[in-house]
Number of protein chains: 2
Amino acid sequence: MLKTTIDMDRAAVVLKLLGDRTRLTMMKILENNDCCVCEFVEIFEASQPSISQHIRKLRDIGLVKEERRGQWIFYSINTENEYYPFVQHVLAQLPSQDHKLKELEEKGTRISCC
Amino acid sequence: MLKTTIDMDRAAVVLKLLGDRTRLTMMKILENNDCCVCEFVEIFEASQPSISQHIRKLRDIGLVKEERRGQWIFYSINTENEYYPFVQHVLAQLPSQDHKLKELEEKGTRISCC
DNA sequence: TGTATATATAAGCAAATCGTTATATACTAA
DNA sequence: TTAGTATATAACGATTTGCTTATATATACA
């Protein structure tokens, strides 16, 4: 059986990153969707730099990856990441946050991009 | 099916608490053992106040409970806590830390208490 | 009672965190 | 090329965190 366990130090680092309302919800949304920054800005009613800085932390340890599509940069879960299985287990315990994206669509407040 | 899901805000609070090397390892050890403060002091080679303060945070949101036995206070996981199922899932992904207790026994450096 | 041990708590400090505003960069379209 | 949009980054400040040292409290035991 090849079971790779995450070591405690790395696990603590990952959990600390997930231990923030905004980042945790971001990750849960990204579980099922690709998103660009502007969507998160709307969902969290936060400033663009604040959102970018949260994403940067997730990206710095490889939890998410980016893909430019024209003017926009879409983020998604990096399933290749060594921590992915661990993160997946944690996220699986949380209630879906997909309704937050749906609300944007319905309100029509979604910016041009998405 | 009665499935109680933890809400995102509370989950983030719990994960933030677990997102510290010392507290995460403490919780993993407590998964299978009751421990008193002096054991943690030895295991983490930390000061007694530092350990007490970490425990206090875990106790404040009810993740652990205490039980005085004479001179000592033993801590254990509070399985009655609303977050317990969530925490259990997280801890289950981590490698056992029981060897840390065993090392204390073998080294004989364990203080009188334990 | 007095002393030792185990633990908790308070106060203070350095570092980390998370927001802000200002600015830089990259792409699109006129 | 110029203007507009999306995003990243830098600089700064307030708050939080996690240690330290000092002290208080509770129990055990002589």
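Protein chains get the first letters and strands the later ones, always in sequence-line order, with residue 1 at the start of each. Note that these values count all heavy atoms, side chains included, but never hydrogens, waters or copies made by symmetry.
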Going by an N to O cut-off under 4.0 Å, is there a salt bridge joining A/Arg56 and A/Asp60?
yes
Using a heavy-atom cut-off of under 4.0 Å over every strand shown, decide if B/Arg21 touches base, sugar-phosphate, or nothing.
nothing
Judged by atom type as modelled, is there a donor-acceptor pair below 3.5 Å linking the side chain of B/Lys28 to the main-chain atoms of B/Leu94?
yes
Any side-chain N or O of A/Ser52 under 4.0 Å from OP1/OP2 of D/dT7?
no
Quick one: is B/His54 getting a side-chain N or O under 4.0 Å of the D/dC19 phosphate, OP1 or OP2?
yes
Relative to the 5' end of DNA chain C, which residue comes earlier, A/Thr22 or B/Val37, by the nucleotide with the nearest heavy atom?
B/Val37
In whole Å, what is the span from the CG atom of B/Leu58 to the C1' atom of D/dG18?
14 Å
Quick check for you: among D/dT21, D/dT7, D/dT9, whose closest atom lies nearest to any side-chain atom of B/Pro49?
D/dT21
Shortest side-chain distance from B/Gln53, nucleotide among C/dA10, C/dT20, C/dT7
C/dA10
Once you round it to whole Å, what is the distance between P of C/dC18 and CD of A/Glu45?
20 Å
As a test of reading the structure: which of C/dT20, C/dC18, C/dT7 is closest to the side chain of A/Lys57, going by heavy atoms?
C/dC18
May I ask you to say what B/Arg69 touches in the nucleic acid, namely base, sugar-phosphate or nothing, with a heavy-atom cut-off under 4.0 Å?
nothing
Considering only side-chain heavy atoms of B/Ile73, which listed nucleotide, C/dA6, C/dC18, C/dT7, is closest?
C/dT7
Can you check the A/Gln48 CD to C/dA26 P distance for me, whole Å?
15 Å
Taking the basic N atoms (NZ, or NE/NH1/NH2) and the acidic carboxylate oxygens, is any pair closer than 4.0 Å for A/Glu67 and A/Arg69?
yes
With the side chain of B/Cys36 defined as its heavy atoms from C-beta on, choose the nearest nucleotide among C/dC27, D/dC19, C/dT7.
C/dT7
For the pair A/Asn33 (side chain) and A/Cys35 (backbone), establish whether a donor and an acceptor sit closer than 3.5 Å, ignoring hydrogens and angles.
no
Donor-acceptor pair, side chain of B/Thr25 and main chain of B/Arg21, under 3.5 angstrom
yes
Among C/dT17, D/dT7, D/dT17, which nucleotide has an atom closest to any side-chain atom of B/Lys16?
D/dT17
Close side-chain approach of A/Lys65 to A/Arg59, heavy-atom, < 4.5 Å:
no
Without decimals, in angstroms, what is the distance between A/Gln71 CD and D/dG4 C1'?
8 Å
Using whole Å, what does the distance between atom P of nucleotide C/dT7 and atom CZ of B/Phe74 come to?
8 Å
Phosphate-side-chain proximity, B/Ser50 and D/dG18, N/O vs OP1/OP2 below 4.0 Å
no
For the side chain of A/Arg56, counting heavy atoms from C-beta on, which of C/dC27, D/dG18, D/dT9 is nearest?
D/dT9
Touch check for B/Arg23, heavy atoms < 4.0 angstrom, all strands: base, sugar-phosphate only, or nothing?
sugar-phosphate
Expressed in angstrom and rounded to an integer, what is the separation of B/Phe40 atom CZ from C/dA6 atom C1'?
15 Å
Within less than 4.0 Å of OP1 or OP2 of C/dT20, is there a side-chain N or O belonging to A/Ser47?
yes
Short side-chain N/O contact to D/dT9 OP1/OP2 from A/Arg59, under 4.0 Å:
yes
What is the separation between atom CG on B/Asp20 and atom C1' on C/dT17, rounded to the nearest whole Å?
14 Å
